[in-house]
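The first residue of the sequence shown is numbered 1, and numbering continues consecutively from there. Counting starts at 1 for both ligands and their atoms, following the listed order. All figures in this text were calculated on a predicted structure; none of them were measured in a lab.
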Amino acid sequence: MPEKLSIESKINNIEENIKIINDKIAKAAVKSERKFEDISLMAVTKTVEPIFINHAITQGISLIGENKVQEMLSKLPLITDSTVKKHLIGHLQTNKVQKIIDVVDMIESVDSIRLANEISKRAYKLSKNINVLIEVNIGKEVNKAGFMPEEIKESLYEISEMKNICVCGLMSVPPIAKEKKQAEAVFYSIRKLFIDIAEEKIDNISMDVLSMGMSSDYEIAIEQGSNHVRIGSGIFGARLY
Ligand SMILES: *Cc1c(COP(=O)(O)O)cnc(C)c1O
């Protein structure tokens, strides 16, 4: 059980954690011949109370991610900085698309053609373009969402025909690796897919964002080419469900 901390010590921890993470991101970026500015850090705020999210924002966080529509909608009015970018990173049911399409800056978890279609339809009605990432089930895990790696290209050709939906890259939550080598290999394979798709030059599909790496493995992910890491517990501490 994570211990219950006072608000003050939690806030101190958040500040400290963000500093440490930024430092590690900078080092990993250099290792992969990029700059700190090339990597974006998302604070994953699921289960985190707005007071702590707001504090993280004062410490330089400019992008937050939630995995549930309802939680996102109920917390957003309590976020004091309206310029912070908001991404949805969890499975999205098609019947909930209309609830969030107007409030999110990106949907990172597009995991089916059907969902892409619904997003396109709703975005078209609002005369707005919506940025998305395509989620890849790189480990082909039965209980995990995402396109299978071998079906991605074909699916992207289909999505490229849809109106008002802009694919900006890939997102993945790989299987938990036991060893560093294993993690490296998986991240490398996602990167390879990302480059492969970019070289295909599909109309309306760009491969700019490679969203991979979480609290336990973001340095490895960056070394293997990630330019967008999603960190929750590493910033806010263990989640109390
Ligand atoms: C919760 C979550 C994260 C962050 O996980 P941590 O291990 O707490 O950093 C990243 N990506 C997704 C899709 C998540 O649901």
Which atoms of ligand 1 sit under 4.0 Å from any heavy atom of I231? 9 (O)

Do D111 and S109 pair up side chain to side chain, a donor and an acceptor below 3.5 Å, judged on atom types alone? no

For atom 2 (C) of ligand 1, tell me which residue out of M214, K46, K68 has the closest non-hydrogen atom. K46

Is a donor from one side chain sitting under 3.5 angstrom from an acceptor on the other, for S32 and E223? no

How does R239 reach ligand 1, by side chain, by backbone, by both or by neither, if only non-hydrogen atoms under 4.0 Å count? side chain

Measure the CD1-CD1 distance between I159 and I165 for me, rounded to the nearest 0.5 Å. 6.0 Å

If you round to the nearest 0.5 Å, how far is OG of S226 from CD1 of I25? 9.0 Å

Where ligand 1 meets G232 - atom numbers and elements under 4.0 angstrom, heavy-atom basis: 4 (C), 6 (P), 8 (O), 9 (O)

Checking R114 against S112: is there a side-chain donor and acceptor pair closer than 3.5 Å? no

Can you sort out which atoms of ligand 1 are near I89, meaning under 4.0 Å from one of its heavy atoms? 11 (N), 12 (C), 13 (C), 14 (C)

